Amino acid sequence: MKRYGQYCPVARAAEILAERWTLLVIRELLWGEDRFNAIARGLPRMSPSLLAARLRELQRAGLVQRHLIDGEPRYRLTPAGLELQPLLEQIGAWGVRWMHELRPDEFDPVLLMLDIKRQSQPACMPERAATVQLHFRDAPTGQQRWWLVLSRSGGADVCDTDPGFPVSVWLETEVATLTRIWMGDMSWSAALRGAALRLSGDPAACRALPQWLDVSPFAAVERAAVSLPR
């Protein structure tokens with residue numbers, strides 16, 4: 001761990017939190033992931049060896065505890081780690097406000113589907129489970145087709161293989177389009193009018209889908225007039 005050699009509490013906190021990937025590892029833990037592979041899935045560009053190293057550093061720093069459950073390691077935030085949640089929410093809101101222009105390499109169907117699963121609101125979903133089949137026209141091979149099983153009792157269940165349930169809605173679009181809708185930068189109606197997104201299937205379910213999926217909690221953040229350069 002790099003030391004700044006300053007009494008300033010900002011400097012002392014930065015010694016732990018400012019390392020590359022550290023805040024994203026904490027993000028995954030805050031979102032309820034406690035298995036190594038589940039944490040790694042949300043950080044696809046982080047090597048397993050680096051993830052293991054960051055988890056060990058966070059354990060030494062007192063932010064993460066490692067437990068064995070049925071012989072499998074599980075990672076959980078300590079009270080000090082859990083206290084970082086409002087900080088990460090504020091950082092995320094700042095990022096949306098001041099860095100709202102996304103780059104082409106930042107559109108990722110896997111992360112988008114994980115985000116929808118973890119942050120969507122079950123109260124907005126149908127009483128009886130409904131299945132939505134998604135086709136991302138521009139996604140890499142193996143990441144083009146997804147299934148969402150939505151219900152008020154179970155929330156959003158995301159599958160990358162057909163779960164075998166009757167499909168209520170077929171959704172065809174591009175990753176960037178659904179990402180912008182999810183982040184609040186594009187409306188469903190605008191995407192449909194411009195043919196950037198197509199819905200077919202049960203008419204009532206197609207009309208209800210925008211309410212079922214809702215949007216990211218960051219969608220309500222007011223954007224700055226000009227995005228910071230990146």
Side-chain angles (χ1 to χ4, degrees), residues 1-120 139-140 142-143 146 155-156 158 160 175 179 182-183 216-218 221 228-230:
M1 185 184 299
K2 297 177 182 178
R3 306 288 183 184
Y4 290 105
Q6 295 185 0
Y7 73 86
C8 171
V10 174
R12 284 183 278 140
E15 289 176 352
I16 298 173
L17 301 177
E19 288 283 351
R20 179 171 165 80
W21 293 108
T22 294
L23 286 179
L24 297 189
V25 173
I26 293 171
R27 179 197 69 186
E28 295 300 306
L29 293 165
L30 282 170
W31 282 349
E33 305 297 356
D34 63 355
R35 293 178 168 88
F36 186 92
N37 287 341
I39 298 168
R41 191 180 187 201
L43 304 167
R45 299 188 183 184
M46 186 181 192
S47 71
S49 59
L50 182 55
L51 174 56
R54 285 290 182 271
L55 287 169
R56 288 194 297 269
E57 291 166 5
L58 290 171
Q59 290 174 66
R60 286 195 295 269
L63 273 65
V64 170
Q65 290 180 334
R66 181 179 183 272
H67 304 274
L68 283 177
I69 299 178
D70 296 329
E72 181 185 8
R74 302 287 184 89
Y75 300 90
R76 292 175 183 167
L77 291 168
T78 65
L82 290 169
E83 196 172 315
L84 292 168
Q85 181 166 350
L87 172 64
L88 263 69
E89 291 171 353
Q90 286 294 317
I91 290 174
W94 184 90
V96 169
R97 189 184 319 282
W98 291 102
M99 307 175 76
H100 47 80
E101 294 294 336
L102 297 174
R103 297 185 302 210
D105 64 338
E106 293 174 335
F107 295 111
D108 186 321
V110 177
L111 294 182
L112 175 61
M113 299 309 292
L114 283 174
D115 208 16
I116 290 174
K117 171 182 173 62
R118 295 187 290 203
Q119 298 199 56
S120 55
Q143 299 179 4
W146 298 82
V158 175
D160 56 9
V175 178
T179 300
W182 173 247
M183 292 303 299
S216 164
F218 291 115
V221 175
L228 293 175
R230 303 182 62 199

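Not measured: the values here are computed from a predicted model.
Proximity of L43 to R27: side-chain heavy atoms (C-beta onward) are separated by under 4.5 Å at one or more points. Side-chain atoms of L17 and L23, non-hydrogen and from C-beta on, do get closer than 4.5 Å to each other. The closest side-chain heavy-atom distance from V221 to W98 is not below 4.5 Å. The closest side-chain heavy-atom distance from M46 to V25 is below 4.5 Å. Within the 4.5 Å cutoff, the side chain of R60 has heavy atoms near those of the R56 side chain. At a threshold of 4.5 Å between non-hydrogen side-chain atoms, the residues R66 and R74 do not count as touching. Inter-residue side-chain proximity for Y75 and E33 is flagged as unmet; no heavy-atom pair is nearer than 4.5 Å. Residues D108 and P44 meet the side-chain proximity criterion, which asks for heavy atoms closer than 4.5 Å.
Summarising the geometry of I116 relative to A156, their closest heavy-atom pair is O-CB, 4.3 Å, with the distance given to 0.1 Å. Considering every non-hydrogen atom in both V175 and A139, the closest pair reads CG2-CB, 4.1 Å. Across every non-hydrogen atom of I16 and T22, the tightest pair is O-CG2, 3.6 Å. Heavy atoms only, all atoms of each residue included: L111 and G42 are closest at CD2-O, 3.3 Å.
Atom CG of L30 sits about 11.5 Å away from atom CG of L24, to the nearest 0.5 Å. One finds the CG atom of L55 at 6.5 Å from the CG atom of L29 (value rounded to the nearest 0.5 Å). Here the CD1 atom belonging to I26 is positioned 11.0 Å from the CD1 atom belonging to I39, to the nearest 0.5 angstrom. With rounding to the nearest 0.5 Å, the separation of CG in L228 from CH2 in W94 is 5.5 Å. We find the CG-NE2 distance between D34 and H67 to be 9.5 Å, quoted to the nearest 0.5 Å. To the nearest 0.5 Å, atom CZ of residue F218 and atom CH2 of residue W182 are 11.0 Å apart.
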Q.
I'd like to know whether W31 forms a side chain to side chain contact (heavy atoms under 4.5 Å, CB included) with D115, so could you lay out the CA-CA distance, the side-chain angles of the two residues, the decisive distance to 0.1 Å, and finally the verdict.
A. CA-CA 9 Å; W31 282 349; D115 208 16; 3.6 Å; yes
Q: Show your reasoning for whether side chain to side chain contact (heavy atoms under 4.5 Å, CB included) applies to V64 and T78.
A: CA-CA 5 Å; V64 170; T78 65; 5.7 Å; no
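Between the side chain of E15 and the backbone N or O of Y4, at least one donor-acceptor pair lies under 3.5 Å. Panel note: side chain R12, backbone Q6; no donor-acceptor pair is recorded below 3.5 Å. Checked by atom type and distance alone, the side chain of Q90 never pairs as donor or acceptor with a backbone atom of P86 at under 3.5 Å. At distances below 3.5 Å, not a single donor-acceptor pair connects side-chain atoms of R41 with backbone N or O atoms of L114. Of the possible polar contacts, one joining the E106 side chain to the R103 backbone as a donor-acceptor pair under 3.5 Å is found.
Electrostatic pairing of R230 and E101 does not count as a salt bridge here, judged by no charged N lying under 4.0 Å from a carboxylate O. A salt bridge is defined here as a Lys NZ or Arg NE, NH1 or NH2 lying under 4.0 Å from an Asp or Glu carboxylate O, and R118 with E28 meets this definition.
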